[in-house]
Amino acid sequence: MSKVRIGFVGVGGMGQMAHLRNYVTQEECEVVAIAEIRPKTAQAVACRYGIAKVYPDHRAMLENEQLDGVVASQPFDRHAVLLPELYGAVKHVFTEKPLSVSISAGERLAAAAKQAGCIHMVGYHKRSDPATIQAKAVMAEWLASGEMGPLKYVRILMPAGDWIAQGFTGRVDGGDPYPGLDREAKSETGLGDSAHGAYVAFVNYYIHQVNLMRHLLGSPYKVTYADPTGVVLAVQGDNGLPGVIEMSPYQTTIDWQEEALIAFAKGYIRVTLPAPLASNRAGTLEIYRDGGDGQLPQRVEPTLPWVHAMRQQAANFVKVCRGEMTPPCEAAEAVEDLKIAREYIRLRMGE
């Protein structure tokens with residue numbers, strides 16, 4: 001079977017360290033070209049990772065290469081400007097989260113991708129962590145069998161911490177400056193200056209948890225409470241289930257302590273996730289079953305593959321390009337995360 005041909009648009013920080021290094025070591029794909037607007041950095045990265053073709057921008061790359069997929073790691077306020085030019089030229093696109101700044105821009109992107117017949121996978125890498133994947137499998141078993149009673153509650157905790165975890169070690173940079181680029185208009189959020197700033201900070205940092213909550217609840221949801229201090233966000237799923245996201249109730253300067261608790265009537269599943277850029281390290285899983293009737297409870301911690309979420313996410317995108325799986329999250333669903341974010345900020349700040 002021929003390798004999936006991948007092109008990169010942007011190989012600076014996240015593009016290089018969170019994504020490129022996880023593709024160049026995948027046997028099923030080949031990174032055939034990079035498009036990078038900083039020429040010195042482009043050449044240095046190409047030399048470091050053995051990439052044959054270098055282009056000054058995405059247009060030149062798309063004109064000269066036949067690609068199965070494009071990884072466009074860009075600031076999210078660039079998506080509304082850049083992505084429409086990619087959708088019509090390639091069948092599969094991957095970007096980081098969030099989809100855009102505003103809901104309206106996100107809706108336009110989702111519609112444009114659909115019209116062009118392009119599959120846009122949005123990088124919610126926590127869905128690709130082996131711990132999350134296994135947790136969803138256990139949840140499915142319990143929901144099907146009814147052995148642990150009904151699903152009752154989901155709690156996600158995400159303190160501020162060291163998200164890099166030395167993940168930028170070995171980064172290549174030519175030292176050339178970033179040129180000015182067109183970006184999504186600030187006015188599209190429809191929020192005042194203070195609320196807009198809070199909203200952008202929230203979607204930049206906590207949109208992963210907003211997305212993960214839907215994934216674990218198994219349902220769309222609404223915001224029911226927004227703590228004015230910005231620590232607690234309470235939600236209720238369309239299926240009636242409650243959930244809470246706790247945002248930085250404390251900090252962990254040299255650690256990362258993100259976790260999700262999935263509570264059933266007779267037990268729970270606890271997922272502990274590593275720092276986003278930690279390598280060769282999956283999350284951990286604790287599965288607890290109450291014994292009932294005086295029986296001893298059972299607590300197990302399955303051994304999971306030594307695969308970090310970013311690498312598994314890259315493998316998943318290659319499978320998406322092959323038509324072997326659907327994306328863990330597509331653009332249309334990612335719009336819903338922006339709606340939750342705006343709903344939360346408006347409730348919290350009285351907009």
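In what follows, every heavy atom counts, from backbone to side chain, and hydrogens, waters and symmetry copies are set aside.
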Between Y49 and R21, is the side chain to side chain donor-acceptor pair (under 3.5 Å) condition met? List the steps. CA-CA 8 Å; Y49 291 97; R21 67 178 181 177; over 6 Å; no

Is [Y] close to [X] at the side-chain level, that is, under 4.5 Å between some pair of heavy atoms?
{"X": "M14", "Y": "S73", "result": "yes"}
{"X": "I6", "Y": "C321", "result": "yes"}
{"X": "R38", "Y": "Y178", "result": "yes"}
{"X": "V320", "Y": "T326", "result": "no"}
{"X": "R155", "Y": "L157", "result": "yes"}
{"X": "Y55", "Y": "I34", "result": "no"}
{"X": "W163", "Y": "L277", "result": "yes"}

Short N-O contact, [X] and [Y], less than 4.0 angstrom:
{"X": "D193", "Y": "K186", "result": "yes"}
{"X": "E147", "Y": "K266", "result": "no"}
{"X": "D173", "Y": "R171", "result": "yes"}
{"X": "K319", "Y": "E28", "result": "no"}

At what distance, to the nearest 0.5 angstrom, does [atom1] of [X] lie from [atom2] of [Y]?
{"X": "L109", "Y": "C118", "atom1": "CG", "atom2": "SG", "value": "11.0 Å"}
{"X": "D255", "Y": "D162", "atom1": "CG", "atom2": "CG", "value": "8.0 Å"}
{"X": "M213", "Y": "I156", "atom1": "CE", "atom2": "CD1", "value": "4.0 Å"}
{"X": "M139", "Y": "I262", "atom1": "CE", "atom2": "CD1", "value": "5.0 Å"}

Would you find a donor on one side and an acceptor on the other, under 3.5 Å apart, between the side chain of [X] and the backbone of [Y]?
{"X": "D129", "Y": "G283", "value": "yes"}
{"X": "T132", "Y": "S128", "value": "no"}
{"X": "R5", "Y": "Q66", "value": "yes"}
{"X": "K97", "Y": "N204", "value": "yes"}
{"X": "R78", "Y": "S100", "value": "no"}
{"X": "E30", "Y": "V4", "value": "no"}
{"X": "Q16", "Y": "V11", "value": "yes"}
{"X": "D337", "Y": "P98", "value": "no"}
{"X": "H92", "Y": "I119", "value": "no"}
{"X": "K136", "Y": "H215", "value": "yes"}

Checking R270 against Y268: charged group under 6.0 Å from the ring centre and within 45 degrees of the axis?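 Yes, R270 lies over the aromatic ring of Y268.
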
Do R342 and Y199 form a cation-pi contact, if we require the NZ or CZ to be under 6.0 Å from the six-membered ring centre and within 45 degrees of the ring's axis?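 No, cation not above the ring by the 6.0 Å, 45° rule.
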
So, for [X] and [Y], which heavy atoms are closest and what is the spacing to 0.1 Å?
{"X": "A315", "Y": "Q26", "result": "N-NE2, 3.6 Å"}
{"X": "V90", "Y": "L67", "result": "CG2-O, 3.6 Å"}
{"X": "L191", "Y": "I345", "result": "CD1-CG2, 4.5 Å"}

side-chain contact (heavy atoms from CB on, under 4.5 Å) evaluation trace for H58 with L82: CA-CA 9 Å; H58 63 283; L82 170 68; 3.5 Å; yes

How about H120 and F94: are their ring centres within less than 6.0 Å of each other?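 Between H120 and F94, the centre distance exceeds or equals 6.0 Å.
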
Do H208 and H125 have ring centres separated by under 6.0 Å?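 Distance test on ring centres: under 6.0 Å, yes.
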
Is it true that [Y] and [X] share a donor-acceptor pair across their side chains at a distance under 3.5 Å?
{"X": "Q257", "Y": "Y250", "result": "yes"}
{"X": "E188", "Y": "S104", "result": "yes"}
{"X": "Y205", "Y": "S248", "result": "no"}

What pairs of residues pass the ring-ring contact (aromatic ring centres under 6.0 Å, His included) test when at least one of them lies in residues 323-349, not counting sequence neighbours?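 Residue pairs passing ring-ring contact (aromatic ring centres under 6.0 Å, His included), neighbours aside: F202-Y344.
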
Please indicate whether [X] has more than 12 foreign heavy atoms, meaning atoms of other residues, nucleotides or ligands, lying under 6.0 Å from its [atom1].
{"X": "Q166", "atom1": "CD", "answer": "no"}
{"X": "Q115", "atom1": "CD", "answer": "no"}
{"X": "E324", "atom1": "CD", "answer": "yes"}

R348 and E343: CA distance, side-chain angles, deciding distance, salt bridge (Lys or Arg N to Asp or Glu O under 4.0 Å) verdict: CA-CA 9 Å; R348 176 187 161 194; E343 184 181 357; over 6 Å; no

Under the criterion side-chain contact (heavy atoms from CB on, under 4.5 Å), I'd like the reasoning laid out for E107 against K339: C-alpha separation, chi angles, the key distance, then a yes or no. CA-CA 10 Å; E107 289 175 334; K339 292 179 180 179; 3.7 Å; yes

Tell me whether V71 is reachable from F168 by hopping between hydrophobic residues (I, L, V, M, F, W, Y) whose side-chain heavy atoms are closer than 4.5 Å.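 Same hydrophobic cluster.
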
I'd like to know if V244 and V223 are part of one continuous hydrophobic network [Ile/Leu/Val/Met/Phe/Trp/Tyr, side-chain heavy atoms within less than 4.5 Å].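 No, no single cluster joins them.
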
Of L86, T95, V93, the residue whose pairing with H79 passes side chain to side chain contact (heavy atoms under 4.5 Å, CB included):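 In the set L86, T95, V93, the residue that makes a side chain to side chain contact (heavy atoms under 4.5 Å, CB included) with H79 is T95.
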
Could you give me the CA-CA distance, side-chain angles and deciding distance for M325 and F317, then say whether side-chain contact (heavy atoms from CB on, under 4.5 Å) is met? CA-CA 9 Å; M325 68 176 288; F317 183 59; over 6 Å; no

Give the intermediate values and the outcome of side chain to side chain donor-acceptor pair (under 3.5 Å) for residues D176 and T41. CA-CA 7 Å; D176 35 353; T41 295; 2.7 Å; yes

Listing, residues 294-310 side-chain donor-acceptor contacts under 3.5 Å, not counting sequence neighbours, or none:
{"from": "R299", "atom 1": "NE", "to": "E286", "atom 2": "OE2", "distance (Å)": "2.7"}
{"from": "H308", "atom 1": "ND1", "to": "N280", "atom 2": "N", "distance (Å)": "2.8"}
{"from": "H308", "atom 1": "NE2", "to": "N22", "atom 2": "OD1", "distance (Å)": "3.0"}

Passes salt bridge (Lys or Arg N to Asp or Glu O under 4.0 Å), R127 versus E333? Steps please. CA-CA 13 Å; R127 292 193 179 196; E333 183 185 350; 2.5 Å; yes

Once salt bridge (Lys or Arg N to Asp or Glu O under 4.0 Å) is applied, what residue pairs with a partner in residues 48-57 remain, sequence neighbours excluded?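 Sorted result for residues 48-57: K53-E65.
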
Go through the steps for E184 and S102 under the test side-chain contact (heavy atoms from CB on, under 4.5 Å), then give the verdict. CA-CA 8 Å; E184 182 182 337; S102 67; 2.6 Å; yes

Let's go through Q43 and E36 carefully: what are the C-alpha distance in whole Å and the side-chain angles of both, what is the deciding distance for side chain to side chain donor-acceptor pair (under 3.5 Å) to 0.1 Å, and is it a yes or a no? CA-CA 9 Å; Q43 291 297 334; E36 169 59 53; over 6 Å; no

Which is it for F264 and Y153 under the ring pair (Phe, Tyr, Trp, His ring centres under 6.0 Å) test, yes or no, and what are the steps along the way? CA-CA 7 Å; F264 283 72; Y153 171 69; over 10 Å; no

